[in-house]
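As the structure is a prediction and not an experimental result, all values here were calculated from the model. Naming convention: chains lettered A, B, ... in sequence-line order (proteins, then strands); numbering from 1 in each chain.
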2 protein chains.
Amino acid sequence: MKLSTKSTYGLRAMVNIALEQKKGAVSIKEISKKENISSVYLEQLLNKLRREDLVKSVRGPTGGYVLSRKPDDITVKDIVKTLEGSIAPVDCATGREGRRTVCNKNKNCAARIAWTKLAKAIDDCLKSVTLADLCGKK
Amino acid sequence: MKLSTKSTYGLRAMVNIALEQKKGAVSIKEISKKENISSVYLEQLLNKLRREDLVKSVRGPTGGYVLSRKPDDITVKDIVKTLEGSIAPVDCATGREGRRTVCNKNKNCAARIAWTKLAKAIDDCLKSVTLADLCGKK
DNA sequence: ACCATACCTGACTATTCTTGTCAAGTATAA
DNA sequence: TTATACTTGACAAGAATAGTCAGGTATGGT
């Protein structure tokens, strides 16, 4: 039930980019140094975030990354979902098949009630927090 | 961000035991067959639940497991916490040290605001659901 | 008193996931 | 031109998950 470092690193990177918004693009090296995260690993994460259009890259010297939208229009859910693949705590509540989906034989599984409720709580929580909330900015 | 099968199997086992409450103890073999879960693996899980005093074991033929408390006094949180070890989605919000605790250098980490909120949402949700809720029983 | 049925314990293992590294590029602006 | 940055894909060590296996111990029905 743990988030991986993808999400935690990713959110920290996004906060960094958001805070420097007016100054321009933030390079991977800067984030890497400031947050003490492997720069090569960070590249992978920012790549995913770029493909989901949460950030834009600026090439060349003085280049780096910039937010694609305003901070109050980017939620933590957007970031976690992009990096983690899925937000749901169990697959049986989502319809997605996977190794851990064992409950499929029983549509009326009582346990599923709990997981569905949990999935909604997590979803509601993560989409209620924006980058702007974390940075104290609009 | 997935729950392991420990929690999902464990909850399903507990629901089974709760539903047969009046008929007496439920054996591992019964649960194993009904839920299609390895009986040896199930033993491990019920062992943990017994050590946390969520169930009691009844030995001998016709033996099995019985709830230690009434269904409305056992929450999904109790079960998940026992089997999963911890409920928190990130360690940095709990004070527990671990491999994924990398944020410790920065007490004012903006990202932590999000994780703390998430931890509370999960905790609140899981402790609001009891076995009785899932079984439609008191 | 048997002994089948159950629980109990600890060690072990295959597979998958996480958390990166490594190598070899391509694009851009000073 | 060339240093700086981004881009891509393959690879790998270590941890966690999801069990298995072997050998106990306890109890109650016959």
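Within the structure, every side-chain polar atom (N or O) of Tyr41(B) is placed at least 4.0 Å from both OP1 and OP2 of dT17(D). Regarding contacts with the backbone of dC6(D), every side-chain N or O of Ser57(A) stays at 4.0 angstrom or more from both OP1 and OP2. Tyr9(B) has no side-chain polar atom (N or O) that falls below the 4.0 Å cut-off from OP1 or OP2 of dA18(D). For the pair Lys6(B) and dA18(D), the criterion of a side-chain N or O lying under 4.0 Å from OP1 or OP2 is not met. Contact annotation: Asn47(A) side-chain N/O to dC6(D) OP1/OP2 distance is not under 4.0 Å. Applying the 4.0 Å criterion to OP1 and OP2 of dT20(D), one finds that Ser38(B) has a side-chain N or O inside that range. Checking the phosphate oxygens (OP1, OP2) of dT9(C), a side-chain nitrogen or oxygen of Arg51(B) falls inside 4.0 Å.
Comparing Glu84(B) and Thr62(A), the nucleotide of DNA chain D nearest to each residue sits closer to the 5' end for Thr62(A). Between Gly63(A) and Arg50(A), the residue whose closest nucleotide on DNA chain D is further toward the 5' end is Gly63(A).
As a whole-Å value, the separation of Leu45(A) CG from dG9(D) P is 16 Å. Summarising the geometry, the separation between NZ on Lys33(A) and P on dT4(D) is reported as 12 Å, rounded to the nearest angstrom.
The hydrophobic clustering, which links ILVMFWY residues whose side-chain heavy atoms are closer than 4.5 Å, places Ile87(A) and Tyr9(A) together. Two different hydrophobic clusters hold Ile28(A) and Val66(A) under the rule that ILVMFWY side chains link at heavy-atom gaps under 4.5 Å.
Formation of a donor-acceptor pair under 3.5 Å by the Lys2(A) side chain with backbone atoms of Met1(B) is not found in this model.
When the nucleotides dA3(D), dT19(C), dC8(C) are ranked by their closest atom to the side chain of Pro61(A), dA3(D) comes out on top. The side chain of Ser4(B) lies closest to dT17(D) when the candidates are dC8(C), dC22(C), dT17(D). With dT27(D), dT21(C), dT28(C) as the choices, the nucleotide that has an atom nearest any side-chain atom of Arg59(B) turns out to be dT27(D).
Remark: the Glu43(B) side chain and the dC7(C) base include no donor-acceptor N/O pair separated by less than 3.5 Å. Within 3.5 Å, a donor on the side chain of Gln44(B) pairs with an acceptor on the base of dT20(D), or the reverse.
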Go through it in stages, so that I can follow the logic: the residues are Ile31(B) and Tyr65(B), the test is side chain to side chain contact (heavy atoms under 4.5 Å, CB included), and I'd like the CA-CA distance, side-chain angles, deciding distance and then a yes or no.
CA-CA 10 Å; Ile31(B) 300 174; Tyr65(B) 289 92; 5.7 Å; no

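Nucleic acid contact for Ile28(B): sugar-phosphate only, since backbone atoms but no base atoms lie under 4.0 Å from a heavy atom of the residue.
Using a 4.0 Å cut-off between charged side-chain N and carboxylate O, Arg69(A) and Asp78(A) make a salt bridge.
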